[in-house]
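Report on one structure; see the data block that follows.
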Amino acid sequence: MTPLELEQKWQKYWKENNIAAFDETDLEHKYYLLQMFIYPSAARMHMGHYFNYGLADSYARFKKMCGANLFQPMGFDSFGLPSENYALKTNTHPQANTAENIKNIEAQYNSMGALYDWNYKLTTSEPDYYKWTQWVFLELFKAGLAYQKEAAVNFCPKCHTVLANEQVVDGACERCESAVEQKYMKQWFFKTTAYAEQLLNGLDTIDWPENTKLLQRNWIGKSQGSAIWFKCGNETIEVFTTRADTLFGVSYIVLAPEHGLVPKITIPAQKSAVNDYIKQAGLKKEIERSSATEEKTGVFTGAYAVHPLTQKEVPVWIADYCIASYGTGAVMGVPAHDERDYKFAQKYKLPVNRVVVVNKPNEDLPTTEYGKLVNSRDFDGLTSDEAKLAITTELAKTGAGELKTTYRLRDWSVSRQRYWGCPIPVIHCPHCGVVPVPEEQLPVKLPMDVDFKPDGTPPLAKSADFVNCICPKCNKPAKREVETLDTFVCSSWYFLRYPSVGRNDVPFDKEITKRMLPVDICIGGREHACMHLIFARFMTMALYDLGYLNFKEPFKRLVHQGMILGPDGQKMSKRFGNVVNPDDYTSKYGSDAIRFALAFGFNFTMGGPWSDTLIAVAQRFFDKITKLCGKYGSVIASPTSEANKRSNPSASSHTPSPTAPPLYLKGEFSVVYGKLEKDLEFTLNDSIKRARDDIEVFSFNTALARYMELINAIGKYEKEAKEINYKLVRQCVTSLVLGVAPFAPHHAEEWWSMLGNITSIFKASYPGADYSKLVQDTVNIAIQVNSKIIVTIDVPTNAAEEEVFALAEATDKIKAAISGRTIVKKIYVKGRIVNLIVK
RNA sequence: GCGGAUGUGGCGAAAUUGGCAGACGCGCCAGACUUAGGAUCUGGUGGGCAACCGUGGGGGUUCAAGUCCCUCCAUCCGCACCA
């Protein structure tokens with residue numbers, strides 16, 4: 001039997017016996033394992049997908065064997081830009097490509113042997129799903145959490161099309177290389193900022209990697225500071241600062257080029273210079289603009305603002321290092337105590353006024369640390385912390401400032417001027433304004449016969465059938481919204497849908513949701529740490545507040561997989577020609593070999609470069625177990641025992657592999673039990689215990705190393721024992737097969753049947769350790785003299801500290817090492833080490 | 001620039017969280033069995049003849065540092081319209 005035949009045999013068996021099925025009647029043991037669903041833009045999965053999905057499935061199988069009622073669904077995140085671009089390039093339709101890709105990927109999942117319950121499959125580009133994405137949008141809209149505002153987009157003046165950031169290469173359109181412009185358009189937003197504080201606080205309640213939490217905390221970017229108002233003619237400029245203590249050091253004010261006040265305050269003589277600058281700033285990326293090393297540029301508006309405490313006038317500039325979307329889009333320039341302000345002031349010859357002394361009065365500027373105030377009138381001598389509060393309090397008296405908290409987090413822009421996405425379910429009526437599409441009219445179907453070439457008109461606007469409609473409020477002619485939703489909207493709630501897939505009356509059944517969610521564990525890439533995982537949390541919190549959910553956090557536990565690189569250590573990419581296709585291996589070696597290779601070869605959370613030699617490692621490992629099963633599978637206690645009956649092939653639903661004739665033992669098994677048996681038993685239970693613990697924390701490579709140790713121990717025992725304790729070895733082999741089953745599922749079924757079993761191994765329990773076998777009489781510890789290891793000795797496991805010191809000091813090598821000097825300090829770490837400090 | 005990570009033998013990687021660095025595996029060396037071996041099995045394998053030296057570099061804390069602190073270097077990932 002080739003590996004492929006073996007795997008197909010068991011895949012068929014699993015399908016026929018519904019091994020992947022979730023048991024809806026047993027919710028007490030439900031375990032909802034969510035693998036972030038796949039984006040089917042590429043036609044096939046690569047090795048990285050296999051790593052992620054295959055090993056997540058191994059973890060799922062482990063949980064199942066530990067007694068969980070596994071709910072492991074899979075779906076397809078099928079709307080999006082790459083599909084649309086691919087269709088444009090190949091002159092096809094995204095609908096057809098998507099269907100084709102899904103078919104292929106589903107086949108790959110099955111050949112991988114993943115235990116997905118396909119009864120719960122969902123596809124975001126299907127009307128039965130996006131109907132409810134539209135429902136979610138409308139719920140947010142009705143709650144005031146979805147709104148429209150003017151916002152900038154990348155616009156290609158030649159293609160007349162909005163571009164994604166990805167389509168902008170060095171400030172130019174990737175297609176025609178024209179310089180990209182900023183264009184302001186009315187767009188839909190979700191009010192994620194309303195949940196900033198909750199998104200921050202919720203992190204303390206969930207079992208997520210600490211660095212992912214940190215990423216989210218920084219992304220949300222809470223900062224407590226002060227709002228300060230500077231009068232500027234008839235206008236008022238609000239600045240936000242976390243350094244109110246440096247207020248007396250202000251020598252100018254900077255507005256973001258996009259700031260609303262710029263046209264109002266700019267004096268006529270500066271108008272053309274300011275407008276030119278705004279145009280240029282629009283071409284730069286935010287990352288470049290906020291860089292501290294980048295040369296600072298700006299233009300004087302000609303206007304002056306009044307310092308609220310000194311009443312002196314300071315010039316108002318615009319500069320692109322000030323970002324409109326953060327804080328108030330205006331900052332106070334304090335060159336003495338801010339790197340960027342300092343560079344800016346030097347370039348434009350603006351005054352630098354020291355107001356904080358950190359160490360010594362004449363230290364080099366700028367200094368950005370906290371210190372004591374100088375040149376700040378009554379506030380001199382206060383610490384920065386004291387001064388922040390004191391100065392803001394002083395400002396508040398005259399209404400010129402207040403304490404304020406801002407967040408870096410922005411509202412989520414969900415409008416896309418594209419075709420392959422979920423239509424936004426609103427109607428623009430000349431009389432009634434923006435009108436939501438009534439729920440009974442959902443879904444607003446995405447028309448299939450639309451020309452979606454980028455030519456300046458949004459694709460949906462080109463379909464008269466789609467655009468023209470009747471206003472649900474006044475029954476007069478109206479027009480539909482022609483923009484589609486960001487695909488992140490589709491993926492922000494899919495985990496709610498899975499348990500209710502198939503329901504046409506609700507997006508998710510309230511009762512089912514209550515019992516099935518939150519998700520017990522979510523497995524997916526780190527690249528989603530900030531965006532997708534924030535959006536999913538936001539959506540959950542919003543739907544909680546709307547009364548649809550009884551939990552605020554969607555994912556109780558989160559694990560990220562690492563990235564599998566090409567054999568050259570670089571990220572797999574067609575460009576480098578280092579893409580490894582798992583299909584090439586599946587046909588020759590079977591998917592178990594790949595799965596095992598990935599599990600054993602890498603730390604799951606880190607990944608690393610793929611190497612073909614791992615396949616050989618897997619094959620060798622499988623061969624060893626197959627041999628052991630052949631040798632001990634037919635060991636039967638006696639012809640009448642229970643085990644013998646169960647091995648009867650006629651009672652089997654599948655044909656067991658041919659094995660050697662049963663080796664009958666007289667009466668009971670051999671009762672040989674000496675030190676060798678005790679050692680083997682220790683290794684058996686030690687391997688099981690540590691492997692179980694390792695798998696639970698996704699340390700698959702070390703778990704499998706434990707089972708290799710067990711195989712080595714069996715080999716050693718066979719070599720050394722005069723008489724084999726078959727019962728014990730068979731127990732080892734059985735545990736071994738069960739233990740590695742999640743990582744070689746097809747082979748494990750085969751081995752399981754060789755051991756005489758007639759039901760699936762995945763209905764059996766994962767082995768547990770017998771802790772009583774883990775107690776050893778002695779423990780080996782290292783003895784140090786002056787922190788240098790001299791010798792290791794065995795001491796009784798429970799020896800008292802004094803006893804251990806006595807044993808250590810009695811050792812010849814230690815005596816020699818001390819020789820004449822006296823012990824001044826003794827340290828004993830139980831079961832680990834003794835350190836004798838001598839002088 | 002901001003934010004997050006990583007750096008350990010020839011290679012993939014471990015290290016009970018401050019306690020015997022290199023588990024397990026690949027590769028390599030030697031041996032066994034073989035007509036044969038790129039199969040299998042057994043043993044060895046961080047470096048150095050040795051004293052000793054070894055976890056990116058430098059400093060520090062400690063009886064004890066891969067692990068904690070400071071600093072520097074290198075590489076990778078994310079940065080809001082790719083998902």
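Here is the naming used below: chain letters follow the sequence lines, and residue numbers restart at 1 for every chain.
Summarising the geometry, the separation between CD1 on A:Ile711 and P on B:U42 is reported as 12 Å, rounded to the nearest angstrom. Between A:Asp568 atom CG and B:C11 atom P there is a gap of 16 Å when expressed in whole angstrom units. Between A:Ile837 atom CD1 and B:G19 atom P the separation is 17 Å, expressed in whole Å. In this entry the distance linking CG of A:Asp338 with P of B:G1 reads 15 Å, nearest Å. Atom CG of A:Asp686 and atom P of B:A23 are 16 Å apart (whole Å). Between A:Phe51 atom CZ and B:A13 atom C1' there is a gap of 12 Å when expressed in whole angstrom units. Atom OH of A:Tyr86 and atom P of B:A83 are 18 Å apart (whole Å). Spacing between atom CG of A:Asn786 and atom C1' of B:A64 amounts to 11 Å, rounded to whole angstrom units.
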*Given side chain to side chain contact (heavy atoms under 4.5 Å, CB included), test A:Trp412 with A:Val489 step by step and report yes or no.*
CA-CA 10 Å; A:Trp412 172 13; A:Val489 179; 3.6 Å; yes
*Checking side chain to side chain contact (heavy atoms under 4.5 Å, CB included) for the pair A:Arg821/A:Asn786: CA distance, chi angles, key distance, verdict?*
CA-CA 11 Å; A:Arg821 293 179 289 180; A:Asn786 282 354; 4.3 Å; yes
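Contacts of A:Lys624 with the nucleic acid, taken as non-hydrogen atoms under 4.0 Å apart, involve only primed sugar atoms and P, OP1 or OP2. Nucleic acid contact class of A:Leu836 (heavy atoms, under 4.0 Å, all strands): none.
The nucleotide B:A14 finds no pairing partner, because no Watson-Crick or G-U wobble arrangement with both distances shorter than 3.5 Å includes it. With both pairing distances under 3.5 Å, B:A64 is matched to nothing as a Watson-Crick or G-U wobble pair. Pair assignment for B:C81 gives none, since no Watson-Crick or G-U wobble pairing has each distance under 3.5 Å. Partner assigned to B:U6 is B:A74, using Watson-Crick or G-U wobble distances below 3.5 angstrom. Partner assigned to B:U42 is B:A30, using Watson-Crick or G-U wobble distances below 3.5 angstrom. When Watson-Crick and G-U wobble pairs are counted only if both distances are under 3.5 Å, B:G54 pairs with no nucleotide at all.
Smallest separation of non-hydrogen atoms from A:Ile625 and A:Ile711: CG1-CD1, 4.0 Å.
For the pair A:Tyr589 (side chain) and A:Asp592 (backbone), a donor-acceptor distance under 3.5 Å is absent.
B:G54 has its base anti relative to the sugar, with a glycosidic angle deviating from 0 by more than 90°. Glycosidic conformation at B:U6 (O4'-C1'-N9-C4 for purines, O4'-C1'-N1-C2 for pyrimidines): anti, more than 90° from 0.
Taking the P atoms as reference points, B:G44 lies 11 Å from B:C24, given to the whole Å. Annotation: B:U62 and B:A14 have their P atoms spaced 32 Å apart (nearest Å). Atom name C1', nucleotides B:C63 and B:C79: the rounded distance is 47 Å, in whole Å. Between the C1' atoms of B:C76 and B:A39, the separation comes to 40 Å (whole Å). Look at the P atom in both B:C2 and B:C20: the space between them is 38 Å, to the nearest Å. Across the C1' atoms, B:G7 and B:G22 are found 16 Å apart, a figure rounded to whole Å. Distance noted for atom P between B:U35 and B:C29: 24 Å (whole Å). Spacing of P atoms, B:U45 relative to B:G25, comes out at 14 Å, to the nearest Å.
In this structure the side chain of A:Ile827 never reaches within 4.5 angstrom of the side chain of A:Val834, judged on heavy atoms.
Which of B:A83, B:C81, B:C20 sits closest to the side chain of A:Ser413 comes down to B:C81. In the set B:A83, B:C26, B:G12, B:G12 carries the atom at the smallest distance from any side-chain atom of A:Phe600. Among B:C79, B:G3, B:A23, the nucleotide with an atom closest to any side-chain atom of A:Arg706 is B:A23. Among B:C81, B:C63, B:A80, the nucleotide with an atom closest to any side-chain atom of A:Ile827 is B:C63. When the nucleotides B:G3, B:C82, B:C63 are ranked by their closest atom to the side chain of A:Ser787, B:C63 comes out on top. Distance from the side chain of A:Leu215 is smallest to B:G3 among B:A83, B:G25, B:G3. Picking from B:C24, B:C82, B:C81 the nucleotide with the shortest atom distance to the side chain of A:Val153 gives B:C81. Distances from the side chain of A:Asn218 to the nucleotides B:G3, B:A23, B:G12 place B:G3 closest. Closest to the A:Ala782 side chain, of the nucleotides B:A80, B:C20, B:G3, is B:C20. Side chain of A:Val829, nearest nucleotide from B:C77, B:G19, B:A21: B:G19.
Here A:Arg620 reaches the OP1 or OP2 of B:C26: one of its side-chain N or O atoms lies under 4.0 Å away. Side-chain nitrogen and oxygen atoms of A:Asn701 include at least one within less than 4.0 Å of the OP1 or OP2 phosphate oxygen of B:A14. Contact between the side-chain N/O atoms of A:Asn603 and the OP1/OP2 oxygens of B:A14 is found at a separation under 4.0 Å. Taking side-chain N and O atoms only, A:Thr487 has a distance below 4.0 Å to OP1 or OP2 of B:A83. For B:U62, neither phosphate oxygen OP1 nor OP2 lies less than 4.0 angstrom from any side-chain nitrogen or oxygen of A:Asn835. Distances shorter than 4.0 Å separate none of the side-chain N or O atoms of A:Arg410 from OP1 or OP2 on B:A80. At least one side-chain nitrogen or oxygen of A:Lys719 sits closer than 4.0 Å to the OP1 or OP2 atom of B:G43.
Residue-environment remark: NZ (A:Lys588) stays at or below the threshold of 12 foreign heavy atoms within 6.0 Å. More than 12 non-hydrogen atoms from other residues, nucleotides or ligands lie less than 6.0 angstrom from NZ of A:Lys149.
Checked by distance alone, A:Asn780 brings a side-chain donor or acceptor within 3.5 Å of a matching partner on the base of B:C20. Between the base of B:C81 and the side chain of A:Gln187 there is a donor-acceptor pair shorter than 3.5 Å.
Map A:Asn211 and A:Glu709 each onto its nearest nucleotide of RNA chain B; the residue landing nearer the 5' end is A:Asn211. When the nearest nucleotides of RNA chain B are assigned to A:Leu704 and A:Lys571 by heavy-atom distance, the more 5′-ward of the two goes with A:Leu704.
A centroid separation of less than 6.0 Å is found between the aromatic rings of A:Phe495 and A:Phe555. Aromatic pair A:Phe698/A:Phe604: centroids less than 6.0 angstrom apart. For A:Phe602 and A:Phe700, the ring centers are positioned 6.0 Å apart or more.
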Do any N or O atoms of the protein come closer than 3.5 Å to N or O atoms of nucleotides 45-50 of chain B, and which pairs are they?
none

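The pair A:Glu483-A:Arg418 does not meet the salt-bridge criterion, since no charged nitrogen lies less than 4.0 angstrom from a carboxylate oxygen.
Under the 6.0 Å distance and 45° angle rule, A:Lys826 counts as a cation-pi partner of A:Phe805.
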